[in-house]
Amino acid sequence: MSERIHSTPLPTKTDHRRRLVLLAAGTAAAVLVAAVAIQMFRADDLPAQVAPAGGSGQARVTGTRQPLARVNDQLIPWESVANECMLRYGKEVLDNFINREIIQQACAEQGLVVTAEEVDAEIRRIATRFKLAPDQWLQMLEAERNLTPLQYRRDVIWPMLALKKIAGDDVKVTREDLEQAFLRDYGERVNCKMILMDNLRRANEVWAEARRNPGEFERLAQEHSIDRISASQGGQIPPIRRFSGNKELEEMAFGLRDGEISPVKQVAPNERWVILKCEGRTKQVVTDIREVEEVLYEQVLEERVQQSVAKVFERLKTRARVDNFLTNVSTGGVQQVSGQNAGGS
């Protein structure tokens, strides 16, 4: 299904490494939360202070519109390829340029500059968290996230550093934040099977049958659940953890005894109903938060920064008047209240 409402398994050391890869290589995820995709900036369109030196092997479009290929005696002209690219990718690429321009204008308005040295320093900082040299870190990103060093510098690091500067340094991590993250990542979890349905009447019918025949829960999940991934496994889902983003589902799971079947409960705003069967709980491996406090702090801080950046970018988009002549859609242009800045809360 498109709405995945359950959580991930108990993290291992490999999971932590992968999560940090996602946090660092995917710091633009905070921008994606604000419905933005900053992915295809051209090096020659970046501010001079962050444009990478050299061609880095990247093909560049020049003013000479020579044919791009020849098949026997037939030429394939530049214009034909360009038109096809425009039809397929024009809207997405234009959106990326618009988003980049919004960030650049906000930086110029506040006199903010992200230098090449700052980009390099951020890459070194992130690499150090993995106890890797920057070159090794960049190689790992290219292998695991398909991000070249050039793309990483210009598409991830630069925009995020710029947005962080606009947001300011008001991100705080509280003790409560750390304790919740500890329970989320290291706490006890509930093993469950799930039936997800999009029709309340049918959900109640399936629930009644499951209550009558608990041993048939797996078959009922296979036959009725609209989540085809878990349905193919008899309703099996990853263990449900606390503070993972779906409070209703968590409360329902942690309120069940081993073997108990839950009532039908709506756990998403778009008419999705869930039936759970509890199959026991996982054992908490790490019981002392002090063992992982440093890792948790860095992780939670990154999450809070991403949330702050997403809010800031959404605010910038609202302020910016954008007339998209390709889609004939105009957005934004809402002026700020006097005394507020782009990084305010």
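Side-chain polar atoms of Gln284 and Thr287 form no donor-acceptor pair below 3.5 angstrom. Between the side chains of Glu303 and Gln307, not a single donor N or O lies within less than 3.5 Å of an accepting N or O. When only modelled atom types and interatomic distance are considered, Glu109 and Gln105 share no side-chain donor-acceptor pair under 3.5 Å. Side chain to side chain, Asp177 and Thr174 meet the donor-acceptor criterion of an N or O pair below 3.5 Å.
One finds the CD1 atom of Ile261 at 6.0 Å from the NZ atom of Lys277 (value rounded to the nearest 0.5 Å).
Residues Asp95 and Glu92 form no side-chain contact, since every pair of their non-hydrogen atoms from C-beta on lies 4.5 Å or further apart. Contact check for Leu296 versus Val173: no side-chain heavy atoms found under the 4.5 Å cut-off.
Salt-bridge check for Glu302 with Arg129: passed, with a basic side-chain N closer than 4.0 Å to an acidic carboxylate O. Asp120 and Arg124 are not joined by a salt bridge, as no carboxylate oxygen comes within less than 4.0 angstrom of a charged side-chain nitrogen. Taking 4.0 Å as the cut-off between side-chain N and carboxylate O, Arg241 and Asp185 count as a salt-bridged pair. For the pair Glu293 and Arg290, the salt-bridge criterion is not met [side-chain N within less than 4.0 Å of a carboxylate O].
A side-chain donor-acceptor contact under 3.5 Å links Asn199 to the backbone of Arg201.
Across Val264 and Ala203, no two heavy atoms sit closer than the pair CG2-O, 3.8 Å.
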Run the side chain to side chain contact (heavy atoms under 4.5 Å, CB included) check on His224 and Arg202 step by step: do they pass?
CA-CA 9 Å; His224 299 286; Arg202 287 289 300 130; 3.0 Å; yes
Would Arg125 and Glu118 satisfy salt bridge (Lys or Arg N to Asp or Glu O under 4.0 Å), going step by step from the backbone distance to the final call?
CA-CA 10 Å; Arg125 184 188 69 82; Glu118 288 175 308; over 6 Å; no
Test salt bridge (Lys or Arg N to Asp or Glu O under 4.0 Å) on Glu250 and Arg184 and set out the steps.
CA-CA 11 Å; Glu250 296 163 24; Arg184 179 190 67 192; over 6 Å; no
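For Lys165, the NZ atom sits in a packed shell: over 12 heavy atoms of surrounding residues, nucleotides or ligands are nearer than 6.0 Å. Within 6.0 Å of CG in Asp288 there are more than 12 heavy atoms belonging to other residues, nucleotides or ligands. In the displayed structure, Glu84 atom CD is contacted under 6.0 Å by more than 12 heavy atoms of other residues, nucleotides or ligands.
One hydrophobic cluster, built from ILVMFWY side chains closer than 4.5 Å, holds both Ile123 and Met160. The same ILVMFWY cluster, assembled from side-chain heavy atoms under 4.5 Å apart, contains both Val286 and Tyr297. The same ILVMFWY cluster, assembled from side-chain heavy atoms under 4.5 Å apart, contains both Ile226 and Val267.
Ring pair Trp137/Tyr152 is perpendicular by interplanar angle, where above 60° counts as perpendicular and below 30° as parallel.
Partner of Cys278 under the side chain to side chain contact (heavy atoms under 4.5 Å, CB included) criterion, out of Ile240, Asn191, Leu256: Leu256 alone.
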